[in-house]
Engineer: 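So that we are looking at the same thing, I have put the structure below in C-alpha cells.
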Number of protein chains: 2
Amino acid sequence: MNNFTDLLRAHNLKATPQRLEIANTLYNQGHANVEELYDTLLKKFHSISLATIYKNINLMIENAFIQEVKIPNAKSVYELTKETHSHLVCKKCGNVEDITLDLRPVCDLAMHSTEFQIDKADLVFSGLCKKCQ
Amino acid sequence: MNNFTDLLRAHNLKATPQRLEIANTLYNQGHANVEELYDTLLKKFHSISLATIYKNINLMIENAFIQEVKIPNAKSVYELTKETHSHLVCKKCGNVEDITLDLRPVCDLAMHSTEFQIDKADLVFSGLCKKCQ
DNA sequence: AACACAACTAATAATCATTCTAATTTAAAG
DNA sequence: CTTTAAATTAGAATGATTATTAGTTGTGTT
Ligand SMILES: [Mn+2]
Ligand SMILES: [Mn+2]
Ligand SMILES: [Zn+2]
Ligand SMILES: [Zn+2]
C-alpha cells in the first residue's frame, strides 16, 4: 500500500482519504473506469458520493495527477500519470495493458507530411489478449 | 453532391433521405459530431428528431458504413468508412485532419513485445494546425 | 495543540446525453 | 399499385455528469 500523500500535494491537491484511495486503486489496478472506481471506493467509504468521484477525477486530470484513456467501444479508463506510453485493449475481455513504444519516427513522419505541430500521440491497439485468442 | 443510395444499400441500409443527408454531410465535412450532424440536418428536415440521428449513427456503425473517432478532450466525431488512417486534432480550433501512415512496423513491434494479437491501431495526434500555431 | 479558513465531501437537485416507446409514415420488393 | 418490414417522429424514460449547498476537514499558522 503506497503512500500518495506527497505526490498529491506536489500536484496541488489536498491529500484526502478519498483521493488517497483513488490513487491506490489506480496504482493497484492500473486502469479503472468511473464505475469501477466508485464500486471500489464504496467498500472503504460507505457513504461516498458519485459526485466526489467525478469531481476528483476532473480535478486530478486538470492537475495532471491522472490521465484519461479513451477506448473504442468502451468507457474511458483512468490511470496515474506516468511516462508516455500506448495501450493494448482486448476486444473480448476488455483488459487494458500498457506498452512503451518509440513513436517519434511516426510523429516526425506525420509532422513532415502536414503543417501540424504535434506534441502528443495517443495510440490504442485493439485485438485479443493471450487468454482470449 | 454525391449519390450514396447504392453505397447505403450495399451496407444493408435503406436509402432514406435522412441517411443520404448524413452521408453527404460527412462527405462534405469529413468529420462531424452528433450535434453538428443534427444542426446540419435540421436545415433540410425541419422536424427531424435527435433520435433519428442517434439511431442512424448506431446502425451505420454496426453496418460499417461510418466509423467513430474518439478524440482527447472532445466529443467523438464520425466519418464515412474509408481506407485505414490516423488523425490529427488541433487543440485550439478543434480541426480534425486525416493522415495516412504505415503503422505495420509499430504494430509488429507491439505484437512481438506482448502476447496480444492486434488487428487495429487507432492513432490520434494532438497539436496545433498551421493556422493556430 | 488550538485556530482559521479555504478546500472538500455528501446529498440531492439539475442538466445534458442517449435510448426507448408507440403511433405514423415510407422505401422498396413483388 | 399493394403490401409490409423498417424508418421517422415526438415525447417519455433512462443514464451520465455537473451544480448547489450545508456541514466537515486538511493544512498552514500561530
Ligand atoms: Mn496506461
Ligand atoms: Mn478520418
Ligand atoms: Zn482478453
Ligand atoms: Zn487549429
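Quick caveat: nothing in here was measured; it's all calculated off a predicted structure.
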Engineer: For the pair made of CG in B/Asn56 and P in C/dA27, what is the distance, rounded to whole Å?
Structural biologist: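 Distance, rounded to whole Å: 13 Å.
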Engineer: Find the distance B/Arg19:CZ to C/dA27:C1' and express it as a whole number of Å.
Structural biologist: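 Those two atoms, CZ and C1', are 10 Å apart.
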Engineer: Rounded to the Å, how far apart are B/Ile53 CD1 and D/dA10 C1'?
Structural biologist: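 Checked: the CD1 to C1' distance equals 15 Å.
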Engineer: For C/dA10, does either OP1 or OP2 sit under 4.0 Å from a side-chain N or O belonging to A/Gln18?
Structural biologist: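 For C/dA10, OP1/OP2 do have a side-chain N/O of A/Gln18 under 4.0 Å.
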Engineer: To the nearest angstrom, how far is B/Lys14 atom NZ from C/dA29 atom P?
Structural biologist: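 B/Lys14 atom NZ is separated from C/dA29 atom P by 9 Å.
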Engineer: What's the CD-C1' distance between B/Glu35 and C/dA17, to the nearest Å?
Structural biologist: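 Nearest whole value for this atom pair: 11 Å.
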Engineer: If you compare every side-chain N and O of A/Thr16 against the phosphate oxygens of C/dT9 (OP1, OP2), does one of them come in below 4.0 Å?
Structural biologist: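 Indeed, a polar side-chain atom of A/Thr16 lies that close.
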Engineer: Over how many whole Å does the gap from A/Lys55 atom NZ to C/dA7 atom P extend?
Structural biologist: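 My rounded result for the distance is 10 Å.
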Engineer: Counting only side-chain N and O atoms of A/Arg9, is one of them less than 4.0 Å from OP1 or OP2 of D/dG26?
Structural biologist: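 Indeed not, no polar side-chain atom of A/Arg9 lies that close.
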Engineer: Looking only at side chains, do A/Gln18 and A/Thr52 share a donor and an acceptor under 3.5 Å apart?
Structural biologist: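 Checked: A/Gln18/A/Thr52 side chains show no N/O donor-acceptor pair below 3.5 Å.
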Engineer: Per the side-chain contact (heavy atoms from CB on, under 4.5 Å) rule, which among A/Val69, A/Thr25, A/Ile22, A/Val34 passes with A/Tyr78?
Structural biologist: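 Single side-chain contact (heavy atoms from CB on, under 4.5 Å) partner of A/Tyr78 among A/Val69, A/Thr25, A/Ile22, A/Val34: A/Val34.
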Engineer: Within this structure, what is the CG-to-C1' distance between B/Asp39 and C/dA17, rounded to whole angstrom?
Structural biologist: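 That distance rounds to 15 Å.
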Engineer: For the side chain of A/Lys75, starting at C-beta, report the closest nucleotide among C/dA17, D/dA16, D/dA7.
Structural biologist: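 That would be D/dA16.
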Engineer: For A/Lys131, does the NZ atom sit with more than 12 other heavy atoms under 6.0 Å from it, leaving out its own atoms?
Structural biologist: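 Incorrect, the count does not exceed 12.
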Engineer: Write down the distance between CD1 (B/Ile48) and C1' (C/dT26), rounded to a whole number of angstrom.
Structural biologist: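 One finds 15 Å between C1' of C/dT26 and CD1 of B/Ile48, rounded.
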Engineer: Hey, does the side chain of B/Thr52 come within less than 4.0 Å of D/dT9's phosphate (OP1/OP2), counting only N and O?
Structural biologist: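 Answer is yes, contact under 4.0 Å.
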Engineer: Answer with yes or no whether the side chains of A/His87 and A/Asp122 bring together a donor and an acceptor at under 3.5 Å.
Structural biologist: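 Looking only at side-chain atoms, A/His87 and A/Asp122 do not form any donor-acceptor pair under 3.5 Å.
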Engineer: Looking for any heavy atom pair under 4.0 Å, which part of the strands does B/Ser47 touch: base, sugar-phosphate only, or nothing?
Structural biologist: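 Counting heavy atoms under 4.0 Å across all strands, the contact made by B/Ser47 is with sugar-phosphate only.
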Engineer: Any donor and acceptor pair, going by atom type alone, linking the side chain of A/Asn95 with main-chain N or O of A/Cys90 inside 3.5 Å?
Structural biologist: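 No, A/Asn95 side chain to A/Cys90 backbone: no donor-acceptor pair under 3.5 Å.
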